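Right, one structure below, let's go through it.
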Amino acid sequence: MASVSSSNAKKHIQIDVSADTVCPWCFVGKKNLDKAIASSQDKYTFEIKWHPYMLNPSAPKEGVVKKEYYLNKFGPRAVQMEARMAEIFKSLGMEYDTSGLTGNTLDSHRLIYFAGKQGHDKQNQLFEELCLGYFTQGKYIGDKAFLVETAKKVGVEGAAEFLEDPNNGLNEVKEELKKYSAHINGVPHFVINGKYQLSGGQPPESFLRSFEAAAK
C-alpha cells in the first residue's frame, strides 16, 4: 500500500487501526479493508498504521490450548462461535483453524511496532502474515520463532535481536495502548483521516463510504 503517489489528484487517506493479533474479527476487518482499498486505489493513496490492543493483558506467555481457553471463556457458546467464524473465514477464502495455543500478545505488538519503524507497508504485511499463521495454520502468537520467521517473510530486519530484550518497544507499546486503546471498548477500531471512526468487522462498503467522507 504505497503512501506516496505520482498523481497529485489522488486524496490521501490515513487509517489508524487498533487491533489484537488473537482477535478474529480484526483479521476479518482487515480483509474487508483490503478489498475497499483495492477497489479505490485509482482515487486515493493509503497509509495504514496498526496500534496495539490487548483483549486479555493477563494471558499467560507460555500459552494455553485454544479450544480449552474458548470453552472456559464462553462455555457452550464457544462451539457456535467457532462454527460462525469458520463460515466467515470460508467466505473470505480461508480455513479457520482453532488448533494450537493462544496466549499473551505483547511480543507480537512489540514486533508490529518495530516493523512500523521500517515502513508502514511492512507493518501492514506483518499483521497480515501473523494473522494467517495464528488463525489458519495453528501457529502460536507468543512463539518467538514464529514471530521472527514471519518478520523475515515480510522483510523486517533485526526482529530476533529486537525481541531478545523484553524491554525493547515495551514503553512504546504501553504509550500506544494509552493513546489509541484507552478510550475504546473493543476491536477492530478504525479511524479514517483522524475523524471518521468505524468498529467491528465492517463490510468493504462501509470503508468506501468513510473514504469518500474523509476525502472531502
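Here the structure is a predicted model, which is why all the values come from computation and not from measurement.
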Whether N193 side chain and Q14 backbone form a donor-acceptor pair below 3.5 Å: yes
Exercise: identify the closest heavy-atom pair between L198 and S210: CD1-OG, 3.7 Å
Cation over ring face, K10 and F46, 6.0 Å, 45°: no
Under 3.5 Å: donor-acceptor pair, side chain of R110, backbone of N168: yes
Residues that L101 engages under side chain to side chain contact (heavy atoms under 4.5 Å, CB included), provided they are two or more places apart: V65, Y140
Test item: M85 and I88 side chains (from C-beta on) under 4.5 Å apart, heavy atoms: yes
Spacing of K139 atom NZ and L130 atom CG [to the nearest 0.5 Å]: 12.0 Å
Step-by-step side chain to side chain contact (heavy atoms under 4.5 Å, CB included) determination, M94 to K31: CA-CA 11 Å; M94 301 182 295; K31 298 309 266 186; 4.1 Å; yes
Separation of L111 CG from T105 OG1 (nearest 0.5 Å): 12.0 Å
Main-chain N/O of E68 paired with N72 side-chain donor or acceptor, under 3.5 Å: yes
ILVMFWY cluster, V64 and V79 together (side-chain gap under 4.5 Å): no
Minimum heavy-atom distance Y53-G186, with the two atoms named: OH-N, 3.7 Å
Nearest heavy-atom neighbours spanning P188 and C26: N-SG, 3.6 Å
H12 versus T45, side-chain donor and acceptor atoms under 3.5 Å: yes
Contact summary for Y70 and A78, nearest pair of heavy atoms: O-CB, 3.6 Å
4.5 Å side-chain heavy-atom contact, W50 and K30: yes
Listed pairs under 3.5 Å, donor-acceptor, residues 143-166 side chains, sequence neighbours left out:
unit_1: D143; atom_1: OD1; unit_2: A145; atom_2: N; d: 3.2
unit_1: T150; atom_1: OG1; unit_2: F146; atom_2: O; d: 2.7
unit_1: D165; atom_1: OD1; unit_2: N167; atom_2: N; d: 2.9

Qualifying residues under side chain to side chain contact (heavy atoms under 4.5 Å, CB included), relative to K61, sequence neighbours excluded: N104, D107
By side chain to side chain donor-acceptor pair (under 3.5 Å) - contacts of K122 (at least two apart): none
Candidate list T21, L106, V22, test side-chain contact (heavy atoms from CB on, under 4.5 Å), partner M54, passing option: L106
Separation of Y113 OH from K174 NZ (nearest 0.5 Å): 14.0 Å
Heavy-atom donor-acceptor pair, Q202 side chain to S199 backbone, under 3.5 Å: yes
Side chain to side chain contact (heavy atoms under 4.5 Å, CB included) between K11 and K43, worked out: CA-CA 7 Å; K11 297 278 178 77; K43 290 186 193 173; over 6 Å; no
Reported CG-to-OG1 distance for the pair N56 and T102, which is rounded to 0.5 angstrom: 8.5 Å
Nearest-0.5 Å distance that lies between atom CD1 in I112 and atom CD in E172: 14.5 Å
Within one Ile-Leu-Val-Met-Phe-Trp-Tyr cluster: Y96 and L71, side-chain cutoff 4.5 Å: no
Hphob cluster co-occupancy, V17 + Y180, side-chain heavy atoms under 4.5 angstrom: no
Short side-chain donor-acceptor distance under 3.5 Å, Y134 and S108: no
Criterion side chain to side chain contact (heavy atoms under 4.5 Å, CB included) on I15 and I13, from CA distance to verdict: CA-CA 6 Å; I15 304 163; I13 305 283; 3.9 Å; yes
Salt bridge present between K90 and E87 (N-O < 4.0 angstrom): no
K195 NZ: over 12 foreign heavy atoms closer than 6.0 Å: yes
I48 vs I37 side-chain heavy atoms within contact, under 4.5 Å: yes
Side chain to side chain donor-acceptor pair (under 3.5 Å) assessment of D16 paired with S18: CA-CA 7 Å; D16 287 279; S18 294; over 6 Å; no
Check: K67/T98 side-chain N/O donor and acceptor closer than 3.5 Å: yes
Joint cluster assignment, V191 & I184, ILVMFWY side-chain distance < 4.5 Å: no
Side-chain heavy-atom pair V187, W25 within 4.5 angstrom cut-off: no
Nearest atoms (heavy-atom pairs only) where E47 meets K49: OE2-CE, 3.7 Å
Contact summary for L126 and A115, nearest pair of heavy atoms: CD2-CB, 3.7 Å
Non-hydrogen side-chain atoms of E95 and F89 separated by less than 4.5 Å: no
Results of side chain to side chain contact (heavy atoms under 4.5 Å, CB included) for A36 - residues two or more places apart only: P204, F207, L208, F211
Gap between atom NZ of K66 and atom OG of S99 - 0.5 Å precision: 6.0 Å
Any side-chain donor near an acceptor of the partner, Q123 and D121, under 3.5 Å: no
Donor-acceptor pair between T136 and D97 side chains, under 3.5 angstrom: no
All side chain to side chain contact (heavy atoms under 4.5 Å, CB included) counterparts of C131, not counting sequence neighbours: F27, F127, F135
D20 and H109: side chain donor to acceptor below 3.5 Å: yes
